[in-house]
Student: 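First the structure, then my questions, so here it is.
What's counted below: heavy atoms across the whole structure, side chains too, no hydrogens, waters or symmetry copies.
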Amino acid sequence: MLNRKEYLKQLLTKDMWTAAEQEWMADYLEANDLSELEMVATSYFEADLLTVKQILDKRLSERMLKNIHQRIGVSDSSFKGVFRLYKQKIAVAAMVLLLAGGAWLMLWKERGKQKVFATTTERQTIKLPDGSVVHLEKASSISFPEEFNGKNREVVLKGEAFFEINHDAKHPFIISSSLINTTVLGTSFNMEVYGENRARVVVVSGMVQVNTHGNQVRKNGQLVLTANKGALYNPVSQDLRLQDATEDARFFTQKMSGKFIYKGDPLSKVATDLQRYYNVPVVTDQQSAQCRFYGSFNTTDDLDKALALIAFSLDTKVRKDSAGNGYIIVGGNCK
C-alpha cells in the first residue's frame with residue numbers, strides 16, 4: 001500500500017493520468033496545503049518550486065495548464081471542473097506538470113515581462129538582454145526582465161552561476177539574492193547562494209562590490225573584491241569575510257574555457273577539481289595523493305573517462321568507495 005507521499009511522486013512521474021487519478025489530485029489540492037506537494041516535487045525534480053511559484057499569476061498558470069491538458073488526459077469540457085484551484089494552487093500544479101517534462105525550463109511572467117530560467121539536472125548557458133552571459137549551475141534559477149530599461153541591470157539568483165558581464169558604467173549590474181547583493185560594472189565572477197546557509201562570491205576578473213542585507217552601515221557589511229578574491233557571508237554571525245580565492249578563480253577559469261589542464265599538479269588537487277565539477281566524491285589514498293599528473297580533461301568528458309586517463313598515466317587503480325557513490329584513487333607509480 002503506497003502512502004500519500006509515494007503516491008504523489010508516482011503521479012508526478014506519469015505521462016498520463018486516469019480519470020480516478022485526476023479526481024484524486026483535484027480533491028487533494030482542494031483539501032490540503034501545498035507544503036507536502038512542494039517537498040515531494042522538489043525532492044524528485046531537484047528544483048525550487050517556491051521561487052517559481054511566486055512569479056506565476058493565475059491567468060498565466062491557467063494558460064500553462066490548458067496547453068498541457070492533453071498530455072495528462074483532461075478534456076476541454078472537464079478542464080475547469082477537474083482543476084478547481086485557487087490562484088496559488090493553480091501555479092503549483094502548473095509548475096509540477098512542467099517540471100515533469102524536461103531537465104530545464106523557462107517561464108514567462110506577463111506582468112512586468114519577467115523571464116525565469118531554472119535548471120534541474122543539467123547546466124544551462126543563458127544570454128541576457130544586454131549580451132552578458134550566465135552559466136547557470138544545476139538546481140539553480142535566475143530571473144531578469146525582458147529588457148534592461150532602468151538605471152540598473154538587475155537579476156535575481158538562487159543557487160549558483162558564473163557571470164560574464166558586459167561593461168556599462170552608466171548601468172551597474174546588480175545580482176540580488178536572499179542573503180547578499182552584488183554590484184558590478186563589467187567583470188567575470190562566480191556567485192552561489194543556496195537557501196539561507198551561506199553565500200559566496202569569487203572574482204575572476206574585474207571588480208565587484210558585495211553588500212549584506214541591512215548591514216551596509218556595519219564595518220563588515222560591505223566588501224569590494226578584485227581578481228582572485230572572494231567574499232563569504234555567514235548569516236548566523238552576519239559576518240562578511242574577505243578570502244584569498246586564487247584556487248577557486250583558477251578552477252572557474254579552466255571550467256569556463258572548457259578544459260582542465262595540469263602540468264605536474266598533485267593528484268590530490270586533480271581529484272578535488274573532478275569532485276567539484278562532476279559533484280561526485282573523488283579522493284586519493286596517501287600514496288597516490290602526491291603523484292604528479294600531466295594531462296588535461298575536456299569539460300565534455302564524462303568522469304569515467306577522466307579517471308581512466310589518470311589510471312593509465314600513473315598506473316593507479318580506481319575503486320568505488322564504501323558507500324558506492326564515489327571513487328578512490330589508490331596506488332600508482334609516483335617515484
Student: Any side-chain heavy-atom pair from I175 and F144 closer than 4.5 angstrom?
Tutor: no

Student: Do R198 and L232 come within less than 4.5 Å of each other through their side chains, counting heavy atoms only?
Tutor: yes

Student: Quick check on the hydrophobic clustering: are V318 and F297 connected, directly or via other members, by side-chain heavy-atom contacts under 4.5 Å?
Tutor: yes

Student: Quick one: are L303 and L274 in side-chain contact, heavy atoms under 4.5 Å?
Tutor: yes

Student: Taking all heavy atoms of S140 and all of Y194, pick out the closest pair and write down the distance.
Tutor: OG-OH, 3.8 Å

Student: Should F162 and F117 be regarded as members of a common hydrophobic cluster, given that ILVMFWY residues are connected when their side-chain heavy atoms come within less than 4.5 Å of each other, either directly or indirectly?
Tutor: no

Student: Picking from E146, E147, R153, what satisfies side chain to side chain contact (heavy atoms under 4.5 Å, CB included) with P129?
Tutor: E147

Student: Identify which one of L157, V193, V210 satisfies the side chain to side chain contact (heavy atoms under 4.5 Å, CB included) criterion when paired with T182.
Tutor: V210

Student: With heavy-atom distances below 4.5 Å as the criterion, would you say the side chains of M191 and E160 are in contact?
Tutor: no

Student: Could you go through the side chain to side chain contact (heavy atoms under 4.5 Å, CB included) check for Y278 and D301 one step at a time?
Tutor: CA-CA 10 Å; Y278 292 102; D301 293 341; 4.1 Å; yes

Student: Taking all non-hydrogen atoms of both residues into account, name the closest pair between T299 and K255 and its distance.
Tutor: CG2-O, 3.7 Å

Student: So if you build clusters from Ile, Leu, Val, Met, Phe, Trp, Tyr with side-chain heavy-atom gaps below 4.5 Å, do L309 and V280 land together?
Tutor: yes

Student: Hey, are the side chains of F293 and P266 touching, using non-hydrogen atoms and a 4.5 Å cut-off?
Tutor: no

Student: Check whether Y277 forms a cation-pi arrangement with R123 (NZ or CZ under 6.0 Å from the six-membered ring centre, at most 45° off the ring normal).
Tutor: yes

Student: What residues, two or more places apart in sequence or in another chain, satisfy side chain to side chain donor-acceptor pair (under 3.5 Å) together with S268?
Tutor: none

Student: Determine whether a donor-acceptor pair (N or O, by modelled atom type, separation under 3.5 Å) exists between the side chain of D285 and the backbone of G331.
Tutor: yes

Student: Looking only at side-chain N and O atoms, does T300 offer a donor or acceptor that is under 3.5 Å from a partner on N298?
Tutor: no

Student: Taking atom NZ as the centre, does K320 end up with more than 12 heavy-atom neighbours from other residues, nucleotides or ligands that are less than 6.0 angstrom away?
Tutor: yes

Student: When clusters are formed by joining ILVMFWY residues with side-chain heavy atoms under 4.5 Å apart, either directly or through shared neighbours, do F148 and V133 land in the same one?
Tutor: no

Student: Tell me whether the guanidinium CZ or amine NZ of K269 lies under 6.0 angstrom from the six-membered ring centre of Y262 and within 45° of its axis.
Tutor: no

Student: Can you check whether K263's main-chain N or O pairs, donor with acceptor, with D265's side chain at less than 3.5 Å?
Tutor: yes

Student: Do K158 and I142 come close enough that some side-chain heavy atom pair is under 4.5 Å?
Tutor: no

Student: Are any non-hydrogen side-chain atoms of T125 and L136 less than 4.5 angstrom apart?
Tutor: no

Student: Other hydrophobic cluster members with V330, side-chain heavy atoms of Ile/Leu/Val/Met/Phe/Trp/Tyr under 4.5 Å, chained?
Tutor: V283, I328

Student: Just wondering, are more than 12 heavy atoms of other shown residues or ligands nearer than 6.0 Å to CE in M207?
Tutor: no

Student: Heavy-atom count check: over 12 atoms from other residues, nucleotides or ligands less than 6.0 Å from N279 CG?
Tutor: no

Student: Between Q124 and H135, do the side chains contain an N or O donor and an N or O acceptor separated by less than 3.5 Å?
Tutor: no

Student: Does Q275 reach the main-chain N or O of V282 with its side chain, forming a donor-acceptor pair under 3.5 Å?
Tutor: yes

Student: Donor-acceptor pair, Q222 side chain versus T212 backbone, under 3.5 Å?
Tutor: no

Student: Mind checking whether F260 and F251 have ring centres under 6.0 Å apart?
Tutor: yes

Student: Does T316 reach the main-chain N or O of I329 with its side chain, forming a donor-acceptor pair under 3.5 Å?
Tutor: no

Student: Could you measure the distance from the CG atom of D168 to the CG atom of D130? Nearest 0.5 Å is fine.
Tutor: 7.5 Å

Student: Take L128 and N166 through the test side chain to side chain contact (heavy atoms under 4.5 Å, CB included) and record every step on the way to the result.
Tutor: CA-CA 10 Å; L128 301 180; N166 286 343; over 6 Å; no

Student: With a 6.0 Å cut-off (strictly less than), is the heavy-atom count around CZ of R276, excluding the residue itself, greater than 12?
Tutor: yes

Student: List the steps and the verdict of side chain to side chain contact (heavy atoms under 4.5 Å, CB included) for L242 and K229.
Tutor: CA-CA 7 Å; L242 179 68; K229 298 298 182 182; 4.3 Å; yes

Student: Compare every heavy atom of V236 with every heavy atom of N234, then report the nearest pair and how far apart it is.
Tutor: OD1-N, 2.8 Å

Student: What distance do L179 atom CG and L240 atom CG have between them, rounded to the nearest 0.5 Å?
Tutor: 11.0 Å

Student: Given 3.5 Å as the limit, does a donor-acceptor pair link the side chain of T253 with the main chain of A249, or not?
Tutor: yes

Student: When you look at R250 and D273, which way does the salt bridge (Lys or Arg N to Asp or Glu O under 4.0 Å) test go after all the steps?
Tutor: CA-CA 10 Å; R250 174 200 60 82; D273 284 350; 3.0 Å; yes

Student: Specify whether F189 and F163 have parallel, tilted or perpendicular ring planes, treating 30° as the upper limit for parallel and 60° as the lower limit for perpendicular.
Tutor: parallel

Student: State the OG-NZ distance between S296 and K259, to the nearest 0.5 angstrom.
Tutor: 4.0 Å

Student: So do L314 and L267 actually touch side chain to side chain, heavy atoms under 4.5 Å?
Tutor: yes

Student: If you apply the rule side chain to side chain contact (heavy atoms under 4.5 Å, CB included), what do you find for E137 with E192, and how did you get there?
Tutor: CA-CA 9 Å; E137 281 293 316; E192 54 184 297; over 6 Å; no

Student: Side chain of D321, backbone of N325: donor and acceptor closer than 3.5 Å?
Tutor: yes

Student: Starting from L223, can I reach I165 by hopping between I/L/V/M/F/W/Y residues whose side chains sit under 4.5 Å apart?
Tutor: yes

Student: If you compare all heavy atoms of T119 against all heavy atoms of A139, which two are closest, and at what distance to 0.1 Å?
Tutor: OG1-N, 3.2 Å

